[in-house]
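Working notes for the structure below.
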Amino acid sequence: MTKRLTEVAKKAGVSEATVSRVLNGRDGVSEATRTAVLTALDVLGYERPTKLRGERARLVGLVLPELQNPIFPALAEVVTGTLAQRGYTPALCARTIGGVSEMDYVEMLLDHQVSGVIFAGGSYALADARHDHYRRLTDRGLPVVLVNAGVDELGFPRVSTDDAVAVEQAYGHLRSLGHERIGMVLGPEGHVPSRRKLDAMTRAAGWGEDDAECVERSSFSMEGARVAATKLVERGVTGIICASDVLALGTIRAARRLGRSVPTDVSVVGYDDSAFMTCTDPPLTTVRQPIETMGQAAVDLLVTQIEGAGVLQDELLFEPELVVRGSTAPAPGR
């Protein structure tokens, strides 16, 4: 008990006596101090006293699929900073291979009486994944916001990059350089953002059944992209649009292993404009997601729900920006 009082007091910036008064439900403590103590208790992983468990902390979960892709740490930086400015304490939950699952994180966050949860790139983006744990949040009436496209039936507010515009920008750029044989490296079949990108490409390029060989699927890893892109390059594709910067880097590696030069023989366009894409060889042409604006919007939507001001069911679409660098050039022979 003494250790708990000391740790909570230090985290909340108050005396141990104040912590004791809060935990015992005594008077003489301001609401702001009381909130700070309860939030510290939650962040440190201590259970609240039984009589306080019905109250939600000013704690918000941010659940990410990974941290190796630089786009997710970038989003986390925006979201956590914005939450802190709004008076909430972020709880970062990042999944790892063989580690804690998204479903387990949801249970942990519920146990800690969080005020709401923001998800980015979770199972909700996979049409064929299990979604039971999201319904647990709905049943509890917990405010939730999803970042980027997900399955429609969940009914949560969404903040997304306009995938159709992203593909139109990338495709238009490659066509302006004279590329006629253009392919795509996308995520898994059930990945909703990848589906949107494929639909947009089908419309923009007028693809039919015969163009199926211009699309390859991959896990979101450089190794998976290398296998997928190798098939496209061997089929004579000279311009490749990728569903992430990580996939684009794997595609560049595939072209080089086949003895092709990027961008002289094969042009590659990424998606995200994550950190260090100016430092790759060559610097990556990519479609930039407006991460700062989207992260702030996600927090605004969540706080609006927490404060009981209603739920915006519509999906907010943010326009991306094509950033031209060194991985694209005129088609061979132009």
Side-chain angles (χ1 to χ4, degrees), residues 64-75 94-99 101-102 120-130 147-151 161 163 166-167 170-171 174 181-202 211-260 262-263 265-277 280-282 284-287 289 327-328:
L64 304 175
E66 58 166 311
L67 289 176
Q68 291 186 342
N69 184 335
I71 199 66
F72 292 116
L75 177 66
R95 287 157 32 215
T96 57
I97 297 175
S101 69
E102 186 177 75
S123 301
Y124 65 87
L126 299 170
D128 51 359
R130 291 186 61 185
V147 178
N148 273 333
V151 295
T161 301
D163 290 304
V167 169
Y171 177 73
L174 291 175
R181 188 73 168 158
I182 299 173
M184 302 187 83
V185 175
L186 300 174
E189 181 71 33
H191 186 242
V192 177
S194 291
R195 284 184 176 180
R196 290 186 173 186
K197 291 180 176 67
L198 179 57
D199 289 343
M201 186 67 169
T202 300
D211 296 296
E213 65 175 13
C214 292
V215 179
E216 286 294 332
R217 302 281 182 175
S218 168
S219 61
F220 281 95
S221 66
M222 283 198 288
E223 294 75 17
R226 185 179 63 79
V227 173
T230 295
K231 298 175 184 178
L232 294 179
V233 175
E234 289 178 337
R235 293 171 191 154
V237 169
T238 64
I240 301 177
I241 300 171
C242 302
S244 77
D245 289 343
V246 171
L247 295 183
L249 296 179
T251 296
I252 291 173
R253 181 179 295 180
R256 286 177 171 164
R257 288 195 177 184
L258 290 172
R260 310 298 207 281
V262 176
D265 301 314
V266 179
S267 287
V268 178
V269 181
Y271 181 85
D272 284 336
D273 195 28
S274 46
F276 309 120
M277 292 305 105
T280 59
D281 181 24
L284 186 66
T285 294
T286 187
V287 180
Q289 292 200 72
S327 65
T328 53

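The first residue of the sequence shown is numbered 1, and numbering continues consecutively from there. The basis for the numbers below is simple: all heavy atoms, side chains too, and nothing from hydrogens, waters or symmetry mates.
- Taking OG from Ser244 and CG from Asn69, the interatomic distance works out to 6.0 Å, rounded to the nearest 0.5 Å.
- Considering only residues two or more places apart in sequence or on other chains, Ser327 meets the side-chain hydrogen bond (donor to acceptor under 3.5 Å, both in side chains) condition with none of them.
- In this view, Phe220 and His191 satisfy the ring pair (Phe, Tyr, Trp, His ring centres under 6.0 Å) rule, not counting sequence neighbours.
- Every residue two or more places apart in sequence or in another chain that forms a salt bridge (Lys or Arg N to Asp or Glu O under 4.0 Å) with Arg256 is listed here: Asp281.
- Residues passing the salt bridge (Lys or Arg N to Asp or Glu O under 4.0 Å) test with Arg226: none are found, sequence neighbours excluded.
- Side-chain contact between Val268 and Thr285 is absent, with no heavy atoms from C-beta onward closer than 4.5 Å.
- Taken from NZ in Lys197 to CE in Met184, the straight-line distance is 7.5 Å, to the nearest 0.5 Å.
- A pairwise comparison of heavy atoms in Val185 and Ala228 identifies CG1-CB, 4.2 Å as the closest pair.
- Annotation for Arg130: atom CZ does not count as buried by contact number, only 12 or fewer foreign heavy atoms lying within 6.0 Å.
- Note that CG of Asn148 is 5.0 Å distant from CD of Gln289, once rounded to the nearest 0.5 Å.
- A search for side-chain hydrogen bond (donor to acceptor under 3.5 Å, both in side chains) contacts involving Arg195 returns nothing, not counting sequence neighbours.
- A pairwise comparison of heavy atoms in Ala225 and Thr251 identifies CB-N, 4.2 Å as the closest pair.
- Scanning both residues, Pro65 and Ala120, for their nearest heavy atoms gives CD-O, 2.7 Å.
- Judged as a side-chain contact (heavy atoms from CB on, under 4.5 Å), and not counting sequence neighbours, the contacts of Ser219 are Ser221.
- Remark: Ser218 pairs with no residue by the side-chain hydrogen bond (donor to acceptor under 3.5 Å, both in side chains) rule, at least two apart or across chains.
- Of the possible donor and acceptor atoms, one in the side chain of Thr286 sits under 3.5 Å from a partner among the backbone N and O of Gly270.
- Residues satisfying the side-chain contact (heavy atoms from CB on, under 4.5 Å) criterion with Met277, sequence neighbours excluded, are Asp245, Leu249, Asp273, Ser274, Thr280, Leu284, Arg325.
- Under the side-chain contact (heavy atoms from CB on, under 4.5 Å) criterion, Glu189 pairs with Arg217, sequence neighbours left out.
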Residues 231-243 side chain polar contacts: donor-acceptor under 3.5 Å, at least two apart:
unit_1: Arg235; atom_1: NH1; unit_2: Glu213; atom_2: O; d: 2.7
unit_1: Arg235; atom_1: NH1; unit_2: Glu216; atom_2: OE2; d: 2.7
unit_1: Arg235; atom_1: NH2; unit_2: Glu216; atom_2: OE2; d: 2.9
unit_1: Thr238; atom_1: OG1; unit_2: His179; atom_2: ND1; d: 2.8

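- Take Tyr271 and apply the side-chain hydrogen bond (donor to acceptor under 3.5 Å, both in side chains) test, not counting sequence neighbours, and it matches Asp163.
- Ala94 is linked by a side-chain contact (heavy atoms from CB on, under 4.5 Å) to Leu67, counting only residues two or more places apart in sequence or in another chain.
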Practice item. Take Val192 and Arg196, measure what side chain to side chain contact (heavy atoms under 4.5 Å, CB included) needs, and give me the verdict at the end. Key: CA-CA 6 Å; Val192 177; Arg196 290 186 173 186; 4.3 Å; yes
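- Here the side chains of Met201 and Val215 are not in contact, with every heavy-atom distance at 4.5 Å or above.
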